[in-house]
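Working notes, beginning with the structure itself.
Since the model is a prediction, treat every value here as computed from it, not as a measurement. The first residue in the sequence is number 1, and the count goes up from there.
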Amino acid sequence: FNSVAQYNRKTQKISMNYGVDLKNNRGAGVTWFHEHGHLIDDMAGSISDSEEFLKLLSEDALNYRKVYGKRHHLNTFDKVDHAISHELSDVKRHSGVSDILQGVTHGNISGISGHALEYWTNSKNITGEAFAHMYEAQFDTVRYEEMKKYFPKSLKYFERLLKEAVR
């Protein structure tokens, strides 16, 4: 067992240290919910792997960047992305949205949490991580509000996917 929590699609098992997750600086149980988000996505037939979901994630990120730039009088995406990256500094609030923004912007926004940039070259990783982060946010008001702030259309789409998957 390595120290990185993960869901393994081949074995359909989650490997993680549950005791450590209780003291998680992102919030107690966040990793548990995140990895179960991956499991649910896989068991439902990889429902996150959707062009529509990827499109909405990209649109939400672009819309947020445009609004942010206007509000803060920043006239280039480089300046906007740098400022947003700097603001995504609270691991409890921002680890989920930071990770998704890093993936959707191909590393142009890089906050408190993320993956190696090569990870994001596969769009299935972007939608899969977004699904898992949105699932974990369902159980934490602070994380949910942040998700709604950055990814409003994508979050609605995710919630519809989840409801349809249980029918």
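Annotation for R65 and V80: closest pair O-CG1, 3.4 Å, computed over non-hydrogen atoms. Pairing each heavy atom of F53 with each of S48, the nearest pair is CD2-O, 3.5 Å. Here the closest non-hydrogen pair linking A83 and L74 is CB-CD1, 3.8 Å. E146 and R93 make their closest contact through OE2-NH2, 3.2 Å (heavy atoms, listed as atom of the first residue, atom of the second, distance). The minimum heavy-atom distance linking V91 with N25 is given by the pair CG1-O, 3.4 Å.
In this model, no donor atom of one side chain and acceptor atom of the other lie less than 3.5 Å apart for N63 and D60. At a cut-off of 3.5 Å, with distance as the only test, a side-chain donor of S110 or Q102 sits close to an acceptor on the other residue. A donor atom on one side chain and an acceptor atom on the other are found under 3.5 Å apart for R9 and S46. Between the side chains of H133 and E136, at least one donor N or O sits under 3.5 Å from an acceptor N or O. E129 and H34 share a side-chain donor-acceptor pair at under 3.5 Å.
With rounding to the nearest 0.5 angstrom, the CG atom of N24 is 8.0 Å from the CE atom of M16. Rounded to the nearest 0.5 Å, atoms CD (E87) and NE2 (H72) are 5.5 Å apart.
T127 places a side-chain N or O within donor-acceptor distance of the main-chain N or O of K124, the cut-off being under 3.5 Å. Within the 3.5 Å criterion, the main-chain N or O of I47 finds a donor-acceptor partner in the side chain of D41. Between the side chain of S98 and the backbone N or O of I112 there is at least one donor-acceptor pair closer than 3.5 Å. A distance-only check finds no donor-acceptor pair linking the side chain of N108 to the backbone of D81 [under 3.5 Å].
Qualifying side chain to side chain donor-acceptor pair (under 3.5 Å) partners for S50, counting only residues two or more places apart in sequence or in other chains: Y157.
At a threshold of 4.0 Å, the pair K148-E145 counts as salt-bridged, since one of the basic side-chain nitrogens sits closer than that to a carboxylate oxygen.
Pairs of residues two or more places apart, or lying in two chains, that qualify as ring pair (Phe, Tyr, Trp, His ring centres under 6.0 Å) and include a residue from residues 84-119 are H115-Y119, H115-W120.
Clustering of Ile, Leu, Val, Met, Phe, Trp and Tyr side chains at separations under 4.5 Å leaves V20 isolated, with no partner residue.
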